[in-house]
Protein chains: 2
Amino acid sequence: MARITIKDVAKSLELSVSTVSRALNDKGDVDEKTREKVKNRARELGYTPNMMAKALKGKTLGLLGVIIDDNTNPFYAEVVKGMEREAKKHEFHLLLVNTAADYEEQVFAIEFLQNKGVDGILIAPVDDTKPVEMDGIKVPFVIVGRHFEKSDFCEVYNDEELGGYIATRHLLESGRSNIITVQPDMNIFPTRGRSLGYRKALQEYSAESANSAIELKSSPENAGKVVLEYLESSGTCDAVFAYNDMYALEIIALLRSKGMRVPEEIAVVGYDDIPYSVYVCPTLTSVALDKDWLGRTSTEMLIKMIKGKKIREKRYVQKPVLRVRDSG
Amino acid sequence: MARITIKDVAKSLELSVSTVSRALNDKGDVDEKTREKVKNRARELGYTPNMMAKALKGKTLGLLGVIIDDNTNPFYAEVVKGMEREAKKHEFHLLLVNTAADYEEQVFAIEFLQNKGVDGILIAPVDDTKPVEMDGIKVPFVIVGRHFEKSDFCEVYNDEELGGYIATRHLLESGRSNIITVQPDMNIFPTRGRSLGYRKALQEYSAESANSAIELKSSPENAGKVVLEYLESSGTCDAVFAYNDMYALEIIALLRSKGMRVPEEIAVVGYDDIPYSVYVCPTLTSVALDKDWLGRTSTEMLIKMIKGKKIREKRYVQKPVLRVRDSG
DNA sequence: TTGAAAGCGGTACCAC
DNA sequence: GTGGTACCGCTTTCAA
């Protein structure tokens, strides 16, 4: 009933534990016959190595900590799936922690994960303005989907400015002139970048439209309400560039419930291109990111770091593309 | 730079490691002053216990293995979120593994997770017909969302038959007479239960409708195609009870793309009530489950088992409710 | 080629 | 109340 240890294998073969250990790990000089015998017996007995004991000896445990806002966010769900697949390839496993974008939670998470003995951490930091945050991390780590301006962390992220730019330019080119944007009230790389791209497109198009830049701040749940309030308080607009698809869906739902037609009266463009964008009504125009790539690439890099391999590129940046559908 | 151990704390205070250990864990007889001193110094030095060493001594590591089909499935995403929150309350963490509903993957997962030293496992088994499967699990475990007929496992699941029943009854009561259902080609508790409920409702309504029971088998991606093929091959129907919302969305999308009107010509009812059901077009009528409850309850039970507490109820069953919207 | 023994960071038993 | 020490399962010198 009790777990089979290396000792049991040794005893049953009248060998020493050291020989068994070497045989099992293909190390040192062990007679080929002995090695075979040991491996067979180990299999017969159903021996499984105790990772904790190994980890205690300074070996890796095969655990990767993942710190994100929320695993139900379809964007992160896809990213995590990519991570999971890549990790599995290298016999690593994922330890998932949600922070709900709360800084304190993140601090705890970093602390806890390291106590659990993770070999590395994949993190989408709550606040990417102060690199100091990452000081608490004593294991290798990779930043996912965020970017610190002044630091040389390993990062895998998206060209957010380009994303904001192509979304806005598309709206301008399809004849919209009063484009507002709704962004969360957080100073993170994605909001900064998307805002920048939005403004850049307006600027480039005409001085006039540049002056009409309006950035509304909101949580995802209130995105629709915020837009509505803006419209009611004399503001006008014929297009909305939403922070992401959740925002876009919320906005479209509320707009339509008030009898406004999307995209005829108001066009809406989202971001992330979540799988549901093709099912909603109207189908959602969105800036598409390869979420699987984000997960895979970051995980691959982290595992390389853990294994002490050379990292050629410390930064991988993805160019988003616009998926034009019916909403704008 | 190196990690602070209990030894460092002991040395810096000129105490023995045993005293420090006892002080830190509030165990045995230790002078209150000593205890205070030790705790303060430990904090100062930034001591963090090495969980691996503890685990090696037979203590729990604080790790829960989670084995599910796919974390991007919104249903599981919500369940996992509930688990994560509950686990965090008790200072436990989640080790996530996707199986893609593949049996071999599940076998590996069970094996790997235990090697990583998880204290327990939360599992939605790929196949819930043969309890033998679970033999490989040597730690406490709880079945989530599935139910083994002949076994006394701890389980948290849904009354699937009731779900299938209320969905179908609703369609019948709103005047539909030719109701088909599309289910995955897997013999798992949810499909068995939903099918049963579907047939029960038809039976109860009229012998005639009972004879019209049609169960199509399909993967989520092909759900639409399968229904279309059925319609084209002379079959007629005015309503579809879909296995879940993903199936429903796929069916609706394809039906509409062929010019059919939902729900006017064909009503569609889904299952799970994923968050996007209110954004799609038409909004989705769906059998609603409390996913958070599933996650919380199963995790709470598992942690109780791990801590050796008495389990009053080995089974928790949830009654679903129908959320009527526009699709049927 | 093989074995004995130290040690990783803790816990717990047993003396003192 | 405190310290010494064996031990958890495994790796890794160092001798034999």
Side-chain angles (χ1 to χ4, degrees), chain A residues 1-39 41-42 45-63 91 111 114-119 138-139 308, chain B residues 1-39 41-42 45-63 91 114-119 138-139:
Chain A
M1 200 58 233
R3 193 180 176 135
I4 306 292
T5 75
I6 203 169
K7 241 184 219 165
D8 301 315
V9 180
K11 203 171 296 171
S12 104
L13 245 35
E14 302 202 308
L15 280 170
S16 71
V17 288
S18 18
T19 306
V20 174
S21 171
R22 266 169 290 159
L24 255 19
N25 295 293
D26 292 314
K27 266 192 195 149
D29 291 320
V30 180
D31 190 286
E32 261 319 305
K33 284 173 200 159
T34 316
R35 195 185 295 282
E36 274 312 300
K37 267 201 304 190
V38 170
K39 286 195 174 178
R41 180 56 59 91
L45 259 38
Y47 164 77
T48 52
N50 182 326
M51 302 307 280
M52 257 91 59
K54 285 198 186 195
L56 197 52
K57 279 302 259 183
K59 300 270 167 274
T60 73
L61 231 188
L63 252 35
E91 306 207 359
E111 167 95 23
Q114 294 187 99
N115 285 347
K116 301 289 181 202
V118 294
D119 304 307
K138 297 177 181 69
V139 294
Chain B
M1 202 58 233
R3 193 181 176 133
I4 306 293
T5 75
I6 204 168
K7 244 182 217 167
D8 301 314
V9 180
K11 203 172 295 172
S12 104
L13 245 35
E14 302 203 308
L15 280 169
S16 71
V17 288
S18 18
T19 307
V20 173
S21 173
R22 265 170 289 155
L24 255 18
N25 294 293
D26 291 315
K27 268 193 194 149
D29 291 320
V30 180
D31 191 285
E32 261 319 305
K33 284 173 200 160
T34 315
R35 195 185 295 282
E36 274 311 300
K37 268 200 303 189
V38 171
K39 288 195 174 179
R41 179 56 60 92
L45 260 36
Y47 165 77
T48 53
N50 182 325
M51 302 305 281
M52 259 90 59
K54 286 197 186 195
L56 199 51
K57 274 304 242 187
K59 300 269 166 275
T60 74
L61 231 190
L63 251 35
E91 305 206 0
Q114 294 186 99
N115 285 346
K116 301 289 180 201
V118 295
D119 304 307
K138 298 176 179 72
V139 293

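Numbers restart at 1 for each chain; the letters A, B, ... are given by sequence-line order, proteins then strands.
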Task: Five-pair end axes of the helix from C:dT1-D:dA16 to C:dC16-D:dG1, angle between them (10°) - done: 50°
Open item on the list: Any residue in residues 45-54 of chain B with a heavy atom nearer than 4.0 angstrom to DNA chain C? Just list them by number, or reply none.
Closed with: B:Y47, B:T48, B:P49, B:N50, B:A53, B:K54
Task: For the student: nearest non-hydrogen atoms of A:Y47 and A:V9, plus distance - done: CB-CG2, 4.1 Å
Open item on the list: Using every non-hydrogen atom in the two residues, find where A:I4 and A:L45 come nearest and quote the distance to one decimal.
Closed with: CG1-O, 3.2 Å
TODO: Rounded to the nearest 0.5 Å, what's the gap from CG on B:L63 to NZ on B:K116? Could you check?
DONE: 10.5 Å
Task: Nearest-nucleotide comparison on DNA chain C, the residue closer to the 5′ end among A:E14 and B:K57 - done: A:E14
- [ ] State whether B:R22 and B:D29 are salt-bridged, where the test is any N-O pair (Lys NZ or Arg NE/NH1/NH2 against Asp/Glu carboxylate O) under 4.0 Å.
- [x] no
Task: A:M51 side, atom CE; A:T48 side, atom OG1 - distance, nearest 0.5 Å - done: 10.0 Å
Open item on the list: Over all strands shown, is A:T5 touching base, sugar-phosphate only, or nothing at heavy-atom distances under 4.0 angstrom?
Closed with: sugar-phosphate
Open item on the list: Under a 3.5 Å distance rule, please check whether A:D119 uses its side chain to pair with a backbone N or O of A:T60 as donor and acceptor.
Closed with: no
Open item on the list: Is any side-chain heavy atom of A:K39 closer than 4.5 Å to one of A:V20?
Closed with: no
Task: side chain to side chain contact (heavy atoms under 4.5 Å, CB included) partners of B:K57, counting only residues at least two apart - done: none
Task: First and last nucleotide of DNA chain C, 5' to 3', lying under 4.0 Å from heavy atoms of chain B - done: C:dC8 to C:dA12
TODO: Please report the closest heavy-atom contact between B:M52 and A:A55, naming both atoms and the distance.
DONE: CG-CB, 3.6 Å
Task: For B:T34, side chain to side chain contact (heavy atoms under 4.5 Å, CB included) partners two or more places apart - done: B:L15, B:T19, B:V30, B:D31, B:V38
Open item on the list: Please evaluate residues B:K54 and B:L61 with respect to the criterion side chain to side chain contact (heavy atoms under 4.5 Å, CB included), reporting the C-alpha separation (whole Å), side-chain torsions for both, the decisive distance (0.1 Å), and the verdict.
Closed with: CA-CA 7 Å; B:K54 286 197 186 195; B:L61 231 190; over 6 Å; no
Open item on the list: Considering every strand and a 4.0 Å limit on heavy-atom distances, what is the contact class for B:D29: base, sugar-phosphate, or nothing?
Closed with: base
Task: Distance-minimising heavy-atom pair for B:L56 and A:N50 - done: CD1-ND2, 4.1 Å
- [ ] By nearest nucleotide on DNA chain D, pick out whichever of B:L56 and B:D31 is the more 5' one.
- [x] B:D31
Task: Terminal contacting nucleotides, 5' and 3', DNA chain D versus chain A (heavy atom, 4.0 Å) - done: D:dC8 to D:dT12
Task: Main-chain N/O of A:K138 paired with A:Q114 side-chain donor or acceptor, under 3.5 Å - done: yes
